[in-house]
Enquirer: 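Would you mind keeping the following structure in view while I ask a few things?
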Amino acid sequence: MITIQVLQVPSVVPEAYWDLFLSTVSEERRAQAARFVHQADAYRSVLGEVLTRVTLSELTELPRTKLSFSRNAYGKPCLVQNPKMPFNVSHSGDWIALISGGKAEIGVDVEKIAPIDLQIAERFFSTQENTYLAAQPADQQVNTFYRLWTLKESYIKAIGMGLSMPLDSFAILPNILEHGELDWSCKQDGQSVPHRFYSHPLDEHHMLAACAVEGELPAQPEVVTLESLCAELA
Ligand code: COA
Ligand code: MG
């Protein structure tokens with residue numbers, strides 16, 4: 001079963017919690033956290049690994065301290081003790097998202113919605129995506145931009161080859177279902193791919209997307225609290 005978990009990061013993590021979180025992650029992550037200029041970056045990075053360790057420990061039934069990670073040539077992490085265990089993490093703004101489970105490649109992306117110059121879409125999106133974006137009502141264009149952006153990134157992250165895959169080589173577009181719901185699908189070099197997508201705002205200021213090459217994506221993410229994460233570690 002594929003699960004998407006989301007965790008909202010507070011502006012200040014209580015010190016006792018923070019010490020526990022730091023002691024849970026790898027030496028490398030601790031060193032990276034100490035180098036961040038902004039504390040919020042350290043929180044996102046460390047909590048992303050904590051959430052990953054807690055969840056993968058449950059899925060693999062291995063103690064979280066025994067888990068270690070390596071990365072492919074493009075930076076996608078995998079679990080050394082079970083390299084086929086699908087998972088992927090994303091962090092932006094106030095949120096961390098983790099997708100895990102199933103049997104095949106999965107990806108997730110969360111982005112903080114900030115005012116943008118929509119012209120940058122021309123640099124990143126395919127012609128069909130730009131046509132779709134331009135057809136949206138003016139007051140929905142920024143949200144649609146972030147929808148497409150996170151969907152595209154969730155696909156790139158599922159495949160795991162980073163930007164070595166040109167962003168305009170594939171198009172992710174919706175079919176409109178009954179009740180106005182959108183069902184997103186992707187064509188790569190003009191051919192339909194089997195990947196399925198999830199796209200939903202997390203809150204007013206953050207967009208979430210997920211991608212899975214097989215299996216059902218959940219209807220909604222599971223919200224994890226800082227307190228419940230801490231309780232798992234205690
Ligand atoms: N594939 C999948 N996951 C990857 C990855 C890869 N090649 N490289 C890193 N990751 C994972 C890591 O767990 C990383 O977190 P960590 O370093 O704390 O462990 C996490 O993804 C970061 O994801 P996210 O928070 O969404 O970061 P990002 O949006 O800054 O970067 C990447 C996304 C990692 C895929 C990066 O390759 C990138 O810069 N992509 C291009 C962004 C872009 O131009 N998108 C355009 C969409 S239209
Ligand atoms: Mg991202």
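In listed order, ligands and their atoms are each counted from 1. What you see below is based on every heavy atom in this structure, not just the backbone, and it leaves out hydrogens, waters and symmetry mates. In this chain, numbering begins with 1 at the start of the sequence shown.
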Enquirer: Is the closest basic N to carboxylate O distance between R64 and E232 below 4.0 Å?
Expert: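 A salt bridge is absent here (no side-chain N lies under 4.0 Å from a carboxylate O).
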Enquirer: I'd like to check which ligand 1 atoms, numbered from 1 as shown, lie under 4.0 Å from a non-hydrogen atom of G75.
Expert: 5 (C), 8 (N), 9 (C), 10 (N)
Enquirer: Below 4.0 Å from any atom of ligand 1, is there a heavy atom belonging to G48?
Expert: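 In this structure, G48 fails to qualify as a contact of ligand 1 - no heavy atom is under 4.0 Å.
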Enquirer: Can you label the angle between the H195 ring and the Y155 ring as parallel, tilted or perpendicular, going by 30° and 60°?
Expert: perpendicular
Enquirer: Would you check the N or O atoms of S45, main chain and side chain alike, for any that come under 3.5 Å of an N or O of ligand 1?
Expert: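 No, there is no polar N/O contact under 3.5 Å.
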Enquirer: Between Y43 and F21, does the ring centre distance come in under 6.0 Å?
Expert: no
Enquirer: So which of K152, R71, H91 gets nearest to atom 17 (O) of ligand 1, if we judge by its closest heavy atom?
Expert: R71
Enquirer: Please compare M161, M165, K76 and report which has the shortest non-hydrogen distance to atom 4 (C) of ligand 1.
Expert: K76
Enquirer: If the Mg ion (ligand 2) is the vertex, what is the angle to OE2 of E153 and OD1 of D109, rounded to 10 degrees?
Expert: 80°
Enquirer: Would you say the ring centers of W184 and Y198 fall short of 6.0 Å from each other?
Expert: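 No; Y198 has its ring centre 6.0 Å or more from that of W184.
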Enquirer: Students should be able to answer this: which protein heavy-atom is nearest to atom 7 (N) of ligand 1, and at what distance?
Expert: Y74 O, 2.8 Å
Enquirer: Return yes when E111 approaches ligand 1 closer than 4.0 angstrom through a heavy atom, no otherwise.
Expert: yes
Enquirer: Number the atoms of ligand 1 from 1 as they appear, then name those within less than 4.0 Å of a heavy atom of P77, with their elements.
Expert: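 Counting atoms of ligand 1 from 1, those under 4.0 Å from P77 are 4 (C), 10 (N), 11 (C), 12 (C), 13 (O).
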Enquirer: Could you walk me through whether I4 and L98 pass the side chain to side chain contact (heavy atoms under 4.5 Å, CB included) test, one step at a time?
Expert: CA-CA 6 Å; I4 304 171; L98 172 73; over 6 Å; no
Enquirer: Can you tell which of V89, L148, I120 gets a heavy atom nearest to atom 13 (O) of ligand 1?
Expert: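 When every heavy atom of V89, L148, I120 is considered, V89 comes closest to atom 13 (O) of ligand 1.
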Enquirer: What protein heavy atom is closest to atom 45 (N) of ligand 1, reported as residue, atom name and distance in Å?
Expert: E153 OE1, 2.8 Å
Enquirer: Among all protein heavy atoms, pick out the one at the shortest distance from atom 35 (C) of ligand 1; state its residue, atom name and that distance to 0.1 Å.
Expert: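 The protein heavy atom lying closest is K157 CG, 3.6 Å.
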Enquirer: Do H206 and D203 get their side chains close enough for a donor-acceptor pair, meaning under 3.5 Å?
Expert: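 Checked: H206/D203 side chains pair up, N/O donor to acceptor below 3.5 Å.
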